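All values below were derived from every heavy atom in this structure, side-chain atoms included, with hydrogens, water molecules and symmetry-related copies excluded. Since this is a predicted model, take the numbers as computed values, not measurements.
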Amino acid sequence: MLVKHGKTIKTTATPLAVSVFDNELIMVDSAYIFYRFDSSDFSLIEAKRISTKYEPHHNLYRGFHAAGPYITVTFSGKNTIFLLNAQGKLENVGSSGWHAAQVESSFVSVENNYFLSGGQDGKIYIHDLQSARMIGSLPQKPDYIATITVGQSSNLIGSSSFNKTVTVYDLDKGLVLAEFKTEEVAQNLLFFDNDRYLFAACRDGNGMVFDIHEQKLLSTTHYFNEWPTAITYSKDHRHAIVGTRNGYLYAIDLAKNSKRFNVKIREIGISNLYINDQHLLVSYVDGVNEVYDLNVGEEAIKRHIEEQNYTAAREELNSNILLFLHPVIALFDTAWESALEAAKTALLVDDLGRASLIVSPFLFDENKKQQFHALIGDLENVAEFKDAFERKDYTKAYELAEKEPLLKQFSIYKEMEDRWEKVISAIKMLIQNDLEANKPKCTALLRPYITVPEKRHIAQNIMNNAHAFIQAENAVAVKDYGEYYRLAAKRPFLKETPMYQKLGALALRILEKVNDLLKHEEYAEVVKLAKASLHFAPIEADLKAVIQEVSGRLKFIAAIKANDLHTVYELLGQYDTFSYLQEYVAMDKAFKQLVRQGMEYAQRGESEAVYNLISIYLEIPYRMDKAAQVMKVSFLNELRLAVRMDEQVDWIKSFRRYAELFSKDADIKQLAQLINKSKALEHVPELTDMEFGYRKKEVPASIIVERDA
């Protein structure tokens, strides 16, 4: 069940935008009514109708969005989006009318200082959050934009279109990173795991996970019987909370693309979800807003698990299923290992009832349930295994363990493996002392294992290749690991020995140390340790890669200090991780400030000033698209303002110059219509065979071509 806070908020129409800031909850509903509530007791502070002129939007409209004090609002059938600021008195920051058709979706990103609008024209525009001016646009889609979202920790934009595509756009680079096809329209999107992956909740009921870096679909799971209509993150950002048109609430583990729970909470559709540290607010299409407490039972669960009273802890989960999304759920994972060990002990004495009782509080987790069910799949094997061990019939015990691998999880199996290690150590000692004289003793020690295929193979190799084993042991004794791995390469049976495994574990620890030093930018120590460890064959390639990366980093840092932009961005293209280096972070901050300054000129159509500021980046592939995007905004505004000197402008040549750079796109068509120059634009061919021209043509300092005198 879900635990209500005890408060229900009622709005006149369907809530379409919800946000909390400065102890206030703000909303706008589909009838254009703005609400302000006290976020502590949810009492109404203010209700204000924004407009009475227009028909209300439908109850699942996506053109409203709120984050912090900012709200985007559009009016029914209109192509203009308004930005409101609810900090103090509700104010209109500004508006943007670049869309050629009705706005269908929007998203406010306070962290990135912009908001997005998507329209029926297939366009997504980027607007400055302080002025509402257009500062960029994404490539046009052939159908309506269904939804837009923004990444958690970067400048990634995710969008879906009614042509059944999902697109990921990198705002920092100014280009499309990936595009995915879906069977049905993706109604909701969420980035997760540092924006490496994207989750899409689609109209056909499927939840899809895409790997952005690899540009591929990872998994598809069918969840919903009705459209998913609202989405938000859980507190820990590991789960998606999804509401549907038939009143169901789903919690989805994003990494596994699996359902954690679903519950029907009303018979009516969910229009919006909002979450903070304390509450989950669920808004419905009839104007009801229910507040649920996320934390009821948290302290009790902690206490019960500390007391190992897992049944009581599980009962607390049952009383508030939202705790499944709370970080406290991790305590069940921590306690599971000891509970499973206790269950194994009970199974060894054939007490299935006690084993089931021990694990039952944990079986809400499908993986744990499968693990336990596999463990008890054949209780007869467990009893037989225990009996063989007690009779020291290791041959039989190993045979059973090979047939039923889960038996290897029992402590008895570990005891057998420990005994085997001691036998091997004893045989090696006997071989080193006097192989011929001690052969009978070695044979006697190996007798219990002679019919165990895996052990027999190792035993025979030891006896038949005693000299090689002694050589290998001696190499390790004097820490000549290079010699040891050369021997192992010539004699593969050495790779099956515990020594090889131990050295492998040591090699991994060395690699971890190298990576830790690299993380802390201790480059001299990284190279020193990596070069000294190259004789560890399993990690040799990794160590060489690290040494090469350090060389690249040092070159990268030197290029930053020398302001050698071409080298900096060439190396950044090879090593994405360099973008996290403090030297580059400072440089990137300066670049973004340059872009902001350029955009101020661009809003005034001062293209030459923009060009003088950022032209160097038009020659650098890594930044070329972003720089050209700023120039494009400037050119559009330059053309818009050029109407003042109409008679001096050769509009056809000016439009053609633009089209040769950016194609005859939706932006120039919309502008031509706004300034009443569509007829001039008709004389410019579509240039459909061209790629984005600024990649291969020189960008001018001005887009205007003056008439011949």
*Test: Arg266 cationic atom under 6.0 Å from Tyr284 six-membered ring centre, within 45° of axis*: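 Judged by the rule (NZ or CZ under 6.0 Å from the ring centre, within 45° of its axis), Arg266 counts as positioned above Tyr284.
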
Could you check whether Tyr32 and His57 have their ring centres less than 6.0 Å apart?
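Yes, ring centres under 6.0 Å apart.
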
Does the side chain of [X] come under 3.5 Å of the side chain of [Y] through a donor N or O and an acceptor N or O?
X      : Y      : result
Asn289 : Ser283 : yes
Ser117 : His99  : yes
Gln87  : Asp22  : yes
Asp128 : Tyr114 : no
Ser258 : Asp253 : no
Ser137 : Asp667 : yes
Tyr223 : Asn257 : yes
Asn163 : Lys181 : no

Looking only at heavy atoms, which two atoms of [X] and [Y] are closest? And how far apart?
X      : Y      : result
Ala200 : Ala186 : CB-CB, 4.0 Å
Ala86  : Arg36  : O-NH1, 2.8 Å
Lys123 : Leu138 : NZ-O, 2.8 Å
Phe210 : Leu217 : CE2-CD1, 3.6 Å
Asp277 : Lys235 : O-NZ, 3.1 Å
Ala47  : Tyr35  : CB-CD2, 4.0 Å

Quick one, Glu306 with Arg303, criterion salt bridge (charged side-chain N to carboxylate O under 4.0 Å, His left out). Give me CA distance, side-chain angles, the key distance, then yes/no. CA-CA 5 Å; Glu306 188 175 326; Arg303 185 177 66 255; over 6 Å; no

Qualifying residues under salt bridge (charged side-chain N to carboxylate O under 4.0 Å, His left out), relative to Lys53, sequence neighbours excluded
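Not a single residue meets the salt bridge (charged side-chain N to carboxylate O under 4.0 Å, His left out) criterion with Lys53.
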
- Item | Residues in salt bridge (charged side-chain N to carboxylate O under 4.0 Å, His left out) contact with Asp588, at least two apart in sequence or another chain |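 Salt bridge (charged side-chain N to carboxylate O under 4.0 Å, His left out) check on Asp588 returns Lys592, Arg623.
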
Intermediate values then yes/no, ring pair (Phe, Tyr, Trp, His ring centres under 6.0 Å), Phe82 and Phe75: CA-CA 9 Å; Phe82 291 85; Phe75 298 116; 5.4 Å; yes

Legend entry - Worked check of side-chain contact (heavy atoms from CB on, under 4.5 Å) between Phe180 and Thr165: CA-CA 6 Å; Phe180 309 102; Thr165 60; over 6 Å; no

Decide yes or no for [X] and [Y]: does some side-chain heavy atom of the first lie under 4.5 Å from some side-chain heavy atom of the second?
X      : Y      : value
Leu249 : Val242 : no
Asp170 : Ile157 : no
Leu190 : Leu198 : no
Val103 : Tyr61  : yes
Ile241 : Ile231 : no
Ser106 : Ile81  : yes
Gln629 : Lys173 : no
Ile26  : Ser19  : yes

Where does the angle between the aromatic ring planes of [X] and [Y] fall among parallel (under 30°), tilted (30 to 60°) and perpendicular (over 60°)?
X      : Y      : value
Phe362 : Phe332 : perpendicular
Tyr125 : His127 : tilted
Tyr250 : Tyr248 : tilted
His279 : Phe42  : perpendicular

*Could you go step by step and tell me if Val288 and Val282 meet the side-chain contact (heavy atoms from CB on, under 4.5 Å) rule?*
CA-CA 8 Å; Val288 171; Val282 183; over 6 Å; no

Could you measure the distance from the [atom1] atom of [X] to the [atom2] atom of [Y]? Nearest 0.5 Å is fine.
X      : Y      : atom1 : atom2 : answer
Arg238 : Ile252 : CZ    : CD1   : 14.5 Å
Cys202 : Phe224 : SG    : CZ    : 8.5 Å
Ile135 : Lys632 : CD1   : NZ    : 13.5 Å
Glu316 : Ile305 : CD    : CD1   : 10.5 Å
Thr12  : Arg49  : OG1   : CZ    : 6.5 Å
Tyr292 : Leu281 : OH    : CG    : 9.5 Å

| query | Is there a salt bridge (charged side-chain N to carboxylate O under 4.0 Å, His left out) between Glu184 and Arg203 once you walk through the steps? | reply | CA-CA 6 Å; Glu184 259 299 341; Arg203 287 190 176 189; 5.7 Å; no

- Query: In this structure, which one of Thr72, Ile50, Thr11 forms a side chain to side chain contact (heavy atoms under 4.5 Å, CB included) with Val28?
  - Reply: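 Between Val28 and the candidates, side chain to side chain contact (heavy atoms under 4.5 Å, CB included) is satisfied uniquely by Ile50.
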
So which of Asn155, Val595, Asp172, Leu175 actually passes side chain to side chain contact (heavy atoms under 4.5 Å, CB included) with Lys626?
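Exactly one candidate clears the test, Val595.
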
Practice prompt. Apply the test side-chain contact (heavy atoms from CB on, under 4.5 Å) to residues Met27 and Phe37: give CA-CA distance (whole Å), side-chain angles for both, the deciding distance (0.1 Å), then the verdict.
Written response: CA-CA 8 Å; Met27 287 186 187; Phe37 300 90; 4.2 Å; yes

message = Set out, in order, the CA-CA distance, both residues' side-chain angles and the distance that settles side-chain contact (heavy atoms from CB on, under 4.5 Å) for Lys78 and Gln102, then state yes or no.
response = CA-CA 5 Å; Lys78 299 299 180 180; Gln102 178 174 290; over 6 Å; no

Q: Look at atom NZ of Lys10 and say whether more than 12 heavy atoms of other residues, nucleotides or ligands are closer to it than 6.0 Å.
A: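 Yes, enclosed.
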
Donor-acceptor list for residues 141-149 side chains, cut-off 3.5 Å, not counting sequence neighbours:
| residue | atom | partner | partner atom | Å |
| --- | --- | --- | --- | --- |
| Lys141 | NZ | Thr167 | OG1 | 2.9 |
| Lys141 | NZ | Glu179 | OE2 | 2.1 |
| Tyr144 | OH | Gln120 | OE1 | 3.4 |
| Thr147 | OG1 | Arg62 | NH1 | 3.1 |

